[in-house]
There are 2 protein chains.
Amino acid sequence: MEILDETDLKILRILQENAKLTTKEIADQLHLTASPVYERIRRLEKKGYIKNYVAILDKKKLNRPVTAICMVSLRYHNEGFIDTFEKQIKELVEVQECYHMAGKVDFFLKIHLESLEMYHEFVRTKLSKIQNIGVLESYFVLKEIYNTTTIAF
Amino acid sequence: MEILDETDLKILRILQENAKLTTKEIADQLHLTASPVYERIRRLEKKGYIKNYVAILDKKKLNRPVTAICMVSLRYHNEGFIDTFEKQIKELVEVQECYHMAGKVDFFLKIHLESLEMYHEFVRTKLSKIQNIGVLESYFVLKEIYNTTTIAF
DNA sequence: CCATATTCAGAAAAATTTGCTGATAGTTCT
DNA sequence: AGAACTATCAGCAAATTTTTCTGAATATGG
């Protein structure tokens with residue numbers, strides 16, 4: 001399997017929306033039997049098209065209603081500094097996403113917290129402890145309009 | 001079950017990392033048998049702590065290697081304008097996340113695309129077609145440092 | 001202290017996954 | 001065109017997992 005055919009793509013589209021469907025249910029949608037679908041999913045997993053399967057939880061129910069987005073610029077941009085920064089960011093459990101960006105801002109962070117007060121604490125006790133942060137700009141989510149793990153293809 | 005006990009929390013922590021574990025495997029980690037774990041998961045699903053189960057796919061393998069982050073400010077901020085904007089954004093399959101923000105920027109968008117050229121096309125043919133956009137600032141991800149669906153609790 | 005409700009373990013039934021076999025279709029080479 | 005090879009698929013059977021049920025143990029509240 002060098003290239004994916006339309007059946008593979010359909011399977012991936014289905015699984016990224018709902019990973020709890022049985023192979024039989026997927027097979028029915030595709031007018032196939034369970035075994036070819038089963039074999040294809042195994043291949044897609046092995047080849048790395050499917051990275052993993054996860055449960056998506058309700059942030060608010062778990063008392064993490066605040067989402068902050070944080071834009072960080074470093075003071076110095078040597079290779080070593082960037083690597084250290086990345087390493088330290090990964091230690092912070094509050095950080096769900098971190099991207100190294102092109103442009104005037106170096107990093108984007110998405111952070112989930114219990115409250116605005118906890119964000120203050122987070123910045124005070126954790127972020128500000130990281131060396132080499134130049135500028136730190138914070139934004140807060142008023143409302144999640146749309147948030148999916150799905151990608152369109 | 002009004003409040004979650006430590007066992008429930010542990011189950012949720014496990015499932016958001018790997019939803020493919022069997023109830024038996026989870027039960028072993030918690031030194032329980034399968035049935036109580038099974039029943040707890042069902043309850044967590046029904047009560048909405050678990051929203052859904054999804055497969056996480058490899059963006060690059062599926063030819064969506066470019067992630068753009070886009071900050072949008074509206075020209076007018078009447079209720080109607082905001083609602084329309086939200087509705088139109090949800091139609092764009094390239095947009096994976098959209099947040100209404102507090103502050104000088106109104107919306108954050110995370111967008112997955114085939115190439116920088118496709119971003120140009122996306123802005124030209126889709127984003128710019130949306131009425132009422134005042135300022136549009138684009139950022140591109142150089143490197144994904146960290147990206148998880150997990151939340152810490 | 002008793003009644004009620006909740007949680008848990010174990011067993012059994014139902015459903016699903018997984019592995020295997022043979023048939024079919026598509027490809028390549030001669 | 002035809003033979004050999006490969007990949008894909010359907011169907012079946014075994015192994016595993018999910019799901020349901022029952023009764024015991026524990027906690028809760030009056």
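Per chain, numbering begins at 1; letters A, B, ... match sequence-line order.
- Aromatic rings from Y99(A) and Y139(B) are positioned such that their centres are separated by 6.0 Å or more.
- In the displayed structure, E6(A) atom CD is contacted under 6.0 Å by more than 12 heavy atoms of other residues, nucleotides or ligands.
- In this structure, D83(B) does not pair ionically with K87(B), as no charged nitrogen and carboxylate oxygen lie closer than 4.0 Å.
- Figure legend: cation-pi geometry between K90(A) and Y146(B) absent, as NZ or CZ is not positioned both under 6.0 Å from the six-membered ring centre and within 45° of its axis.
- Distance CG (D8(A)) to C1' (dC9(D)): 13 Å, rounded to an integer number of Å.
- Contact annotation: S35(A) does not reach the phosphate of dG11(D) (side-chain N/O to OP1 or OP2, under 4.0 Å).
- The heavy-atom pair separating P36(B) from L32(B) by the smallest distance is CG-CB, 4.5 Å.
- With axes fitted over five pairs at each extremity, the angle between the ends of the helix from dC1(C)-dG30(D) to dT30(C)-dA1(D) is 40° (10° resolution).
- One can place CG of L4(B) at 16 Å from P of dT6(C), the figure rounded to the nearest angstrom.
- If you take CG of L32(A) and C1' of dT24(C), they are 14 Å apart, rounded to a whole angstrom.
- For the pair R42(A) CZ and dA7(D) C1', the computed distance is 19 Å after rounding to whole Å.
- The distance from atom OH of Y38(B) to atom P of dT17(D) is 15 Å, rounded to the nearest whole Å.
- When the nucleotides dA9(C), dT8(D), dC8(C) are ranked by their closest atom to the side chain of R40(B), dC8(C) comes out on top.
- Listed nucleotides dC8(C), dG10(C), dC9(D) differ in distance to P36(B); the shortest reach to its side chain belongs to dC8(C).
- Whole-Å rounding puts the L30(A) CG to dT8(D) P distance at 15 Å.
- The separation between E45(A) atom CD and dT18(C) atom P is 8 Å, rounded to whole Å.
- Comparing E39(A) and T22(A) by the nucleotide of DNA chain C whose heavy atom lies nearest to each, the residue mapping closer to the 5' end is T22(A).
- With respect to the salt-bridge test (charged N to carboxylate O, under 4.0 angstrom), the residues K51(A) and D58(B) do not qualify.
- In this structure, CG on L12(A) lies 9.0 Å from CD1 on I41(A), to the nearest 0.5 angstrom.
- Between the P atom of dT17(C) and the NZ atom of K20(A) lies a distance of 10 Å, rounded to the nearest Å.
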